[in-house]
Amino acid sequence: MTYREAIEELETILRALETDAVDVDDLTTRVERSAELIRLCRHKLRHAEASLDRVFDTLDEEEEAEDYADQEDDEDESDDEDEHDHLPGGPGRGW
């Protein structure tokens with residue numbers, strides 16, 4: 001059963017209960033069914049939340065790896081620029 005189907009069935013039960021046309025024996029059955037549906041919906045929501053958390057964690061890890069790689073590239077470029085700084089004529093100048 002999908003989340004949407006469970007919600008729709010809960011709404012149907014609620015409408016029936018609001019009409020006061022439910023006898024006591026049927027009321028117990030409907031309340032028990034509602035509790036099952038609520039448990040199912042909670043489970044599906046928790047599962048969806050955990051799945052989304054995993055996706056976002058993966059994206060964060062990928063972003064951190066990219067940032068680290070970019071940082072290393074920047075350091076390599078700055079090392080190249082400083083390569084001749086110790087030569088006569090000063091930093092960034094030719095020989």
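Side chains included, hydrogens not; waters and symmetry mates left out as well; all remaining heavy atoms used.
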### Message
What's the separation between atom CG in L10 and atom SG in C41, rounded to the nearest 0.5 Å?
### Response
5.5 Å
Could you pull out all donor-acceptor pairs under 3.5 Å where a side-chain atom in residues 48-58 meets a protein atom, sequence neighbours excluded?
from: S51; atom 1: OG; to: H47; atom 2: O; distance (Å): 3.1
from: S51; atom 1: OG; to: R54; atom 2: NH2; distance (Å): 3.2
from: T58; atom 1: OG1; to: R54; atom 2: O; distance (Å): 2.9

### Query
How about I7 and T2: do any of their side-chain heavy atoms sit closer than 4.5 Å?
no
### Query
Quick one: CZ on R15 to CD on E18, what's the gap to the nearest 0.5 Å?
8.5 Å
#### Entry: Pairs satisfying salt bridge (charged side-chain N to carboxylate O under 4.0 Å, His left out), at least one member in residues 1-12, at least two apart
E9-R33
#### Entry: Interatomic spacing from CD in E64 to CD in E66 - rounded to 0.5 Å
11.0 Å
Under 3.5 Å, sequence neighbours excluded: what are the donor-acceptor pairs made by side chains of residues 21-32?
from: D23; atom 1: OD1; to: D25; atom 2: N; distance (Å): 3.2
from: D23; atom 1: OD1; to: D26; atom 2: N; distance (Å): 2.7
from: D26; atom 1: OD2; to: R30; atom 2: NE; distance (Å): 2.6
from: D26; atom 1: OD2; to: R30; atom 2: NH2; distance (Å): 3.1
from: T28; atom 1: OG1; to: V24; atom 2: O; distance (Å): 3.4
from: T29; atom 1: OG1; to: D25; atom 2: O; distance (Å): 3.4

### Atom pair CG (L40) and OH (Y3), whose distance is rounded to the nearest 0.5 Å
9.5 Å
